[in-house]
Amino acid sequence: MEIAVAGKATLQGTIEISTSKNATLPILIAALLSEENIKINMVPEINDVEIVKKLLQNLGAFLVKNDNSLCIRSFVSNIYPDYDLVRQIRASLLLMGPILATRKIVKISLPGGCAIGTRPIDLHLKGFEALGAKIRLTGGNVIAEARELKGNHIYLDFPSVGATENLMMAAALAEGTTYIENAALEPEVVDLANFINSMGGRIHAAGSNIIKIEGKKRLHGSTYTPIPDRIEAGTYMVAAAATGGDLLIKNVIPEHLKATTAKLVESGARVQEMDREIRVQRIGPVRPIYIKTLPYPGFPTDMQAQFMAYLSHTSGSSVITESVFENRFMHTQELMRMGANIKIEGRTAIIKGVPQLSAAHVKATDLRAGAALLIAGLMSEGTTFISNSHHIDRGYENIVDKLNRVGANIYRN
Ligand code: UD1
């Protein structure tokens, strides 16, 4: 699939943000913790959600879609989720917590078929061991098994979002109290805790670095609406500034966007925060800036690629250091095909601003890289063709329509 983006766009108008992908995926998975009716509202229509829905059905859940709500009734009858689905998204690793908690055994293929060394899941596994599970690795699969899960103190060497979420889900049904120390602080972790608590769970202090989970024997049904997507919002904020535009972005929690807002302001954009809205305007030339990705509340790694596109077209040099993921500069090559001047040194990218980007045929290598290329396409001279655009649809609901309604000219081939 390919997307064509006409350059020299100026985005102006109002964009409504969808529900958070990274909150919805774990929340849908956590529905497996209860056998009663769960209703999740405002589920975004994105490809990653479609894969998780198939995974839940594959495990024995019944799903009914009602407008944009999803009703789920679970009974985990399968402890070995389908490899063809698992390999498509890393979030499928989060199935381990609820399956282990409800069935006391789970078998899962390593996500993406990756070796543990290159995309480690060690923090998840160490945490399950601390809760009493025995871990075996056989033929590309991980098996975790426990007679029963027992609360414990778990210290995470790094505040991994996925590990915090997986362990919170397992501990929610364990016997006794679990403490996750050096836990991730991301808003999506807090949202998952709020959802589990809405099912009768007892999770305290999510959003701080020590989360306390009092295990319950069972969880009941619930109706829940996850938070808005701060990365989708951040992407449109950058697109507004990058195109010299003026966007009112609705359905956001400005508190979740502090790092993105700070960097846009530093680069010369005007950002006005309101109750559930943010307005971004470009009021002058883009100033070069320094960015280092960090766990929340630091600058999000999921916004790094979009900022790189934006900073490609300034009159100075910017520096981006990626400290969360080892290998997350794949978009650089593609931006350079559009005339960007970027040098990578280890985990740092030096972006020397150029007076103009030019359209090219480029490839989306992953979700946020695809978003960066869209922004670059809107800024450049000519029409940019982005192949592998299915990556973009993994995480952005109706992105083509949303952008076209505010002045872009984008179509799918
Ligand atoms: C989640 C988000 C992803 C975001 C990332 C960091 C979802 C579905 N995905 O991914 O969009 O980019 O948080 O904000 O919510 N690590 C280990 N061992 C582990 C687990 C992780 O070393 O057991 C490392 C990873 O390789 C990576 C870093 O920790 O370098 C961060 O990963 P993590 O926070 O776990 O990210 P995800 O939960 O996979």
Side-chain angles (χ1 to χ4, degrees), residues 19-30 44 46-49 51-52 55 86 88-97 108 110-112 114-130 135 137 142 144 154-170 180 182-193 195 209 226-227 229-235 256 259-260 292-307 321-331 347 366-372 391-392 394-396:
T19 305
S20 162
K21 167 178 94 69
N22 286 352
T24 303
L25 300 180
I27 284 173
L28 293 178
I29 289 172
I46 50 176
N47 289 351
D48 276 13
V49 163
I51 295 167
V52 166
L55 278 163
V86 166
Q88 294 183 45
I89 50 170
R90 183 167 161 85
S92 48
L93 189 61
L94 299 176
L95 293 166
M96 284 190 85
I108 195 162
L110 295 172
C114 291
I116 277 191
T118 52
R119 289 194 77 176
I121 60 167
D122 53 319
L123 301 174
H124 301 245
L125 301 186
K126 273 198 231 164
F128 291 135
E129 272 179 334
I135 308 287
L137 299 175
V142 188
I154 301 169
Y155 174 81
L156 298 179
D157 294 330
F158 180 87
S160 154
V161 174
T164 304
E165 292 173 341
N166 227 343
L167 298 170
M168 241 166 40
M169 291 189 280
I180 306 177
N182 198 25
L185 311 179
E186 268 69 1
E188 295 77 13
V189 169
V190 178
D191 211 31
L192 175 64
F195 170 58
N209 52 14
I227 53 173
D229 197 311
R230 65 191 167 102
I231 305 300
E232 186 199 11
T235 302
H256 293 169
T260 297
K292 182 175 184 180
T293 66
L294 285 168
Y296 190 84
F299 183 90
T301 172
D302 286 351
M303 284 302 303
Q304 182 254 102
Q306 299 89 314
F307 264 86
T321 301
E322 172 57 63
S323 84
V324 176
F325 283 101
E326 251 173 55
N327 220 331
R328 207 177 186 179
F329 281 140
M330 257 111 74
H331 42 281
R347 286 185 159 212
D366 62 59
L367 170 59
R368 306 305 169 188
H391 281 298
I392 301 175
R394 281 186 40 211
Y396 290 92

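Both counts, for ligands and for their atoms, begin at 1 and track the order of listing.
Between A91 and ligand 1, no pair of N/O atoms sits closer than 3.5 Å. Close N/O approach between D122 and ligand 1 is found [any backbone or side-chain N/O within under 3.5 Å]. On a distance-only criterion, K21 and ligand 1 share no N/O pair closer than 3.5 Å.
Partner of K21 under the salt bridge (charged side-chain N to carboxylate O under 4.0 Å, His left out) criterion, chosen from D48, D191, D302, D229: D48.
Atoms CZ and OG1, on F307 and T235 in that order, are 9.5 Å from each other to the nearest 0.5 Å. Rounded to the nearest 0.5 angstrom, T24 OG1 and L192 CG are separated by 11.0 Å. Here the straight-line distance linking atom CG of N182 with atom CG of L185 works out to 8.5 Å at 0.5 Å rounding.
With ligand atoms numbered from 1 in the order given, ligand 1 contributes 28 (C), 29 (O), 31 (C) to contacts under 4.0 Å with heavy atoms of F158. Near P120, the atoms of ligand 1 lying under 4.0 angstrom from a non-hydrogen atom of the residue are 17 (C), 18 (N), 19 (C), 20 (C), 21 (C), 22 (O), 23 (O), 26 (O). When each atom of ligand 1 is checked for a heavy atom of G162 under 4.0 Å away, the hits are 35 (O), 38 (O). Which parts of ligand 1 touch H124 is read off a 4.0 Å heavy-atom cut-off, strictly below it: atoms 20 (C), 23 (O).
In plain terms, the two heavy atoms of Q306 and I231 that are nearest each other are NE2-CG2, 4.2 Å. What you find for I227 and A23 is that their closest heavy atoms are CG1-CB, 3.9 Å.
Distances from atom 28 (C) of ligand 1 to the heavy atoms of N327, V324, T301 put V324 nearest. Closest to atom 12 (O) of ligand 1 by heavy atom, among V161, D302, L25, is D302.
Counting heavy atoms under 4.0 Å from ligand 1, residue R328 touches it through the side chain alone. At a heavy-atom distance under 4.0 Å, only side-chain atoms of R90, from C-beta outward, approach ligand 1.
Checked by atom type and distance alone, the side chain of T260 never pairs as donor or acceptor with a backbone atom of G234 at under 3.5 Å.
With sequence neighbours excluded, the residues forming a side-chain contact (heavy atoms from CB on, under 4.5 Å) with L123 are L156, D157, F158, S160, A163, listed by chain and number.
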